[in-house]
J.: 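Provided herewith is a single structure, encoded as structure tokens, for subsequent inquiry.
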Amino acid sequence: MLILDCPYCGVRAEETELHAGGEAHLKRFGPGSSDEDFHDYLFMRENPRGVHFERWRHVSGCGKWFHAARCTQTLEVFGTYSAQTTEPPQQITDAISAKRPGWTWRGLSD
Amino acid sequence: MSTRLAKQGRLIDRSKQIEFTFNGKKLKGFAGDTLASALLANDQMLVGRSFKYHRPRGLVASGAEEPNALVGLGVGDRFEPNQRATTTELFAGLAAQSQNHWPSLEYDIGEVNSKLFSRFLTAGFYYKMFIHPRPFWKHIYEPFIRQSAGLGKAPDTELKDADTYEHFYFFCDVLVIGGGVAGLQAAKSAAETGAKVLVLEEKSCWGGRTPVDGGTIEGLDAEEWIARTVAELEALDNVTLRSRTMGAGVYDHSYILGYERLTDHAPGQGGPRHRLWRIRAQQTVTATGAIERPLSFAGNDVPGVMLAGAMRDYLVNWGVTPGQKVLVATNNDDAYRTAIALHEAGVEVVRVVDARESGGGELSDRVRDLGIRIECGRAIAKVKDGKRVTKVAICAQNGEGGAREEIEADAVAMSGGWSPVVHLWSHCGGKLTWDETQAHFRPDPDRAPTGHDGAPFVVTAGSASGPLGLAAVMADAAAAGAKAAEAAGRPARTVTPIATSEVTEAPMEPVWLMPAKADIELRMKTWLDYQNDVKVSDVQLAAREGYESVEHTKRYTTLGMATDQGKLSNINGLAILADALDAEIPQVGTTTFRPPYHPISMGAIGGEARGEIFQPLRKTPMYDWHDSHGAHWEPVGHWRRPYAYLRSGESLHEAVNREVKNTREALGLLDASTLGKLIVKGPDAGRFLDMLYTNMMSTLKIGKCRYGLMCSENGFLSDDGVVARIDEDTWLCHTTTGGADRIHAHMEEWLQTEWWDWKVYVANVTEQLAQVAVVGPNARRVLEKLNGQAGGGQAGGGMDLSPEALGFMEWQDGEIGGFKARAYRISFSGELSYEIAVSASEGQAFWSALIEAGREFGVMPYGTECLHILRAEKGFIMIGDETDGTVIPQDLGLHWALSKKKDDYLGKRAQSRSHMTDPDRWQLVGLETLDGSVLPDGAYAVGNGVNANGQKNTIGRVTSTYYSATLDRGIAMGLVKHGPKRMGEVIDFPGLDGKTYQARIVDPVFYDKDGEKQNV
């Protein structure tokens, strides 16, 4: 059972008080977008073995959404950070680079 | 025969005799016995029948790895199947029943069958046998398999478990699993650093098997050292010790489950029976010891053939010997300890058969000195079949089993070497390495399970790490304890060496088959997995048939798939597989170890969550009133809502029809408090609601209401409800009863993760308010009467409820009958209707006032079924009936609620995708049966032609169907292909009752099409 630190209330939260929200940093496509862009936005998701960025909600706690950077293979958590951003902050990508040199994820990399 | 010895038995108290029953037979044991040791003491060698062949089976082991001695324990509401005799502590009145036999344990029909048919019951037999002919499956094979499948008998489904269970949370620096000498030493080393330590031991006593094996630690006899160390640990504030508690599983991020059996040994003592420990430990030390492996020879499942270590346990711990003339077979030195123990207890050891050409070391010399005959390079060819051991044939190990010598013996002690218990290490990803010298898989300390920080969080200690000698075990344990404490953030300590006695042992030699080239007749009698009846020949057959992966072979042969999860059979089985595949054992690898280590009770997993407290129950402020006025309750999410209010002598159907008629003709009251009520407020609230609803909410005038639809980003309809504009920057959104929390979360998600710069705040005020729908031709009259009473005969400041002051789809704040209220003039029934919200604390008083004032107007409360019928008569959709997550508003003819002025709303882009605009999508229509009957719920309409499976093509389905008391006929709504263009057509709905229902496609509004009743 995973443990993630909620970056809002500071609580070290257990998986049972969290709600997983899928892939982080999706760009929304709405009316006017191409069929392909909209299809990819709705359905296409990363499924990496390794570094991944996810959305979580501290649902049985402060109620806030946040982001977590995590290794899907070892379940190591590189850090959690605000949901109000379109990309992970430098300190998170630095932490990943220190542990997983050469990592890549969507457009991001070491 | 097996019997109790006059002396010995370190765990039993001969002054306390205990009576118990086995298959109804009265037997006697002593305090400190397990059910297994007590059965052996009573010469009960035969304890059960095997799963597939119904072969007679006896005890093989002395601990939790026992595969055969599974019994049904207890009676009535305390009956439990598949309990291990070896882990069941004896208590007065214990009632055990053996399993898998008919008509009795001694004479079993299934055994006869297996003798006749066993050559058909090979690996994969179910797959091969039952595949053809196909129709046989349903009517012949499946009922047959269901008859014979399963171990033990399920408890009576009418009875509820009489015991209670609980969960317990614990946090510590170092968790030590296993209270043998290694676990105790590791705990001591960790505790010396000041770490908070928890030690779990599955048995009732501490020290593991060292007191049986003998030796000295720090100059003390093992038993004295254990007593001293336990006392030392108990005296420490930072150490908690729990016996009868198994470390059940190791999970992600260092989450560990412990399983404490509090009253299994003392039923009726009171308190919970089992306790599930939910532990977060910084570090876990697994000091789980090792399990002895059986040897694979023909007849190794005959009762009386037992693991050598187990036989020693029965002698030393409980003073029981399973035989009077014992043959010992081994490939390692440890079994010689059993020969010595037997000899010391006065039991004849007829032969030691050592498969190693060069024989054993120091211990074998001692055995020889005792005058016991040892034969090296020899093997057991076969143990004669029967209900117990009578004769053993021995032969050369390096042969096919010829040139046998027959030896009279009534028990066999076997040892194929020892394997560390690696389960807990492996549960969360710890990797193993193959140890050539010991011929076993042991934990690879460089590839430990890792936690949230990427650092290892499990350390092994003692023989769980691999070493078997006492000196190596103690050194490993002391280091493990210190290492775990340091990793948990405690100061590093240098480990001082621990002095122990030491015995020099000769190396073991792997023996996977006895004799090495055993012929097929022998291999078909050589058991690998006792519980699932898997033989050497089955694994070899699987390999020949192309099963190369150990995981596939496991499932094909069922090797290791029984309740013991292959604790005895795994290594032997995969060695046979490796040999058959001509591969090395480490290349074949092991199957996956999954928690729990042993089965744990469902009761413990459920804990306190059963019966009334299984989940919280939500009650509206008027719950008690409903309950005392005949409410027939319906669960709606966590809420309970009245389905209808039953009067005496009335059927449910009659009650519903009465409520429908009364509401249409006079006055009905509905408790609508469960409807979701969300306040959306802020400068950007209008803009936000325009994105969430398909229609325009920002333009709604203050004081007005609007019905709105919400869709997911996929375009599918997700919720509906009436929105009221409260002031310039405040809206109140009603959701469905089940949707309140979901829609609140939906709003929060978009606000926090997409439009986080928009200034909007959402609050769920559902439970702050009680809401009553006042419905029917007399709705206005009752409210005006209430107001008149409050004003002393005049309006008296009460709310003006006239159509001019409060029109349809308008709301107003004010006083009604002295209650501070907000009245919405909205209708989900088509009648003149007010939904009135008062504070939750005044809900019951307001409801009572309405009931009282409504008497002269024929007031009756109505429930959810009446609500459904009223809305269906009007063709109003219901989320969850007309929608199922694949329906878009366009399917339901709700185009009018889709704003064309807005550039964007959630779901808008999706609704323009090609499949969403397909004219062949099924669309909402009304359905009227030709004979007035009620269409079956969920029925499908069939059209012309058949699909690829030869089934009739479907062209629609029923989404809502009711008997309408108003119209005295069945009415229904449904989704039908090209439905709105087929008005008047008759389509067929085959029912499950064999009847075909014919229904005409009609307009979904069945009643008061022009809405005259609500606009008064």
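We name chains A, B, ... by the order of the sequence lines, and we start the count at 1 in each one. On a predicted model such as this, the values are computed, not experimentally measured, just so you know.
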J.: Rounded to the nearest 0.5 Å, what separation is found between the CG atom of Asp252(B) and the CG atom of Leu2(A)?
T.: 5.5 Å

J.: Please name the pair of heavy atoms, one in Pro31(A) and one in Lys908(B), separated by the smallest distance, quoted to 0.1 Å.
T.: CG-CD, 3.9 Å

J.: Using a 4.5 angstrom heavy-atom cutoff, name the option from Trp750(B), Tyr251(B), Tyr905(B) with the most pairs to chain A.
T.: Trp750(B)

J.: Is chain A contacted by the side chain of Asp453(B), its backbone, both, or neither, given a heavy-atom distance below 4.5 Å?
T.: backbone

J.: Among His25(A), Arg28(A), Arg55(A), find the one that has a side-chain contact (heavy atoms from CB on, under 4.5 Å) with Thr753(B).
T.: Arg55(A)

J.: Look at Ala745(B), Gly429(B), Ala910(B) and state which one has the largest set of heavy-atom pairs under 4.5 Å with chain A.
T.: Ala910(B)

J.: Crowded around Gln615(B) CD? As in, over 12 foreign heavy atoms under 6.0 Å?
T.: yes

J.: Looking at every non-hydrogen atom in both residues, tell me the closest pair between Arg913(B) and His39(A) and how far apart they are.
T.: NH2-CD2, 4.1 Å

J.: Counting distance only, does the side-chain N/O of Arg909(B) pair as donor-acceptor with the main-chain N or O of Ser33(A) below 3.5 Å?
T.: yes

J.: Using a 3.5 Å distance criterion without hydrogens, assess whether the side chain of His253(B) forms a donor-acceptor pair with backbone atoms of Ile3(A).
T.: yes

J.: How about Tyr761(B): does its OH atom have over 12 heavy atoms from other parts shown lying under 6.0 Å from it?
T.: no

J.: Check whether Glu713(B) reaches the backbone of Leu42(A) with its side chain - one donor and one acceptor, N or O, closer than 3.5 Å.
T.: no

J.: So which of Ser82(A), Ala24(A), Gly30(A) has the largest heavy-atom pair count under 4.5 angstrom toward chain B?
T.: Gly30(A)

J.: Output every pair passing side chain to side chain donor-acceptor pair (under 3.5 Å) with a member in residues 63-73 of chain A, not counting sequence neighbours, ordered by first then second residue.
T.: Glu54(A)-Arg70(A)

J.: Please flag which part of Thr85(A) lies under 4.5 Å from any non-hydrogen atom of chain B: side chain, backbone, both or neither.
T.: backbone

J.: Sort Tyr41(A) into side chain, backbone, both or neither according to what part of it lies under 4.5 angstrom from a heavy atom of chain B.
T.: side chain

J.: Should Gln752(B) and Gln84(A) be marked as a side chain to side chain contact (heavy atoms under 4.5 Å, CB included) after you check the CA-CA gap, both sets of side-chain angles, and the distance that decides it?
T.: CA-CA 7 Å; Gln752(B) 289 183 35; Gln84(A) 281 92 57; 4.1 Å; yes

J.: Checking an interface table here. Which of residues 95-110 of chain A come within a heavy-atom distance under 4.5 Å of chain B?
T.: Lys99(A)

J.: Under 4.5 Å, counting heavy-atom pairs only, tell me which of Glu754(B), Glu748(B), Glu749(B), Gln911(B) racks up the most with chain A.
T.: Glu749(B)

J.: Just checking Lys902(B): does its NZ atom have more than 12 heavy atoms from other residues, nucleotides or ligands closer to it than 6.0 angstrom?
T.: yes

J.: Take atom CZ of Arg49(A) as the centre, draw a 6.0 Å sphere, and report whether it contains more than 12 heavy atoms from other residues, nucleotides or ligands.
T.: no

J.: Nearest 0.5 Å, what's the CZ-CG distance between Phe43(A) and Asn714(B)?
T.: 5.0 Å

J.: For the pair Arg280(B) and Arg12(A), evaluate side chain to side chain contact (heavy atoms under 4.5 Å, CB included) and give the outcome as yes or no after the intermediate values.
T.: CA-CA 12 Å; Arg280(B) 285 280 182 186; Arg12(A) 171 156 287 197; over 6 Å; no

J.: Where does Thr450(B) contact chain A at under 4.5 Å (heavy atoms): side chain, backbone, both or neither?
T.: both

J.: Measure the spacing between CE of Met1(A) and OH of Tyr255(B) and express it to the nearest 0.5 Å.
T.: 3.5 Å

J.: More than 12 heavy atoms of other residues, nucleotides or ligands under 6.0 Å from CG of Asp757(B): is that the case?
T.: yes

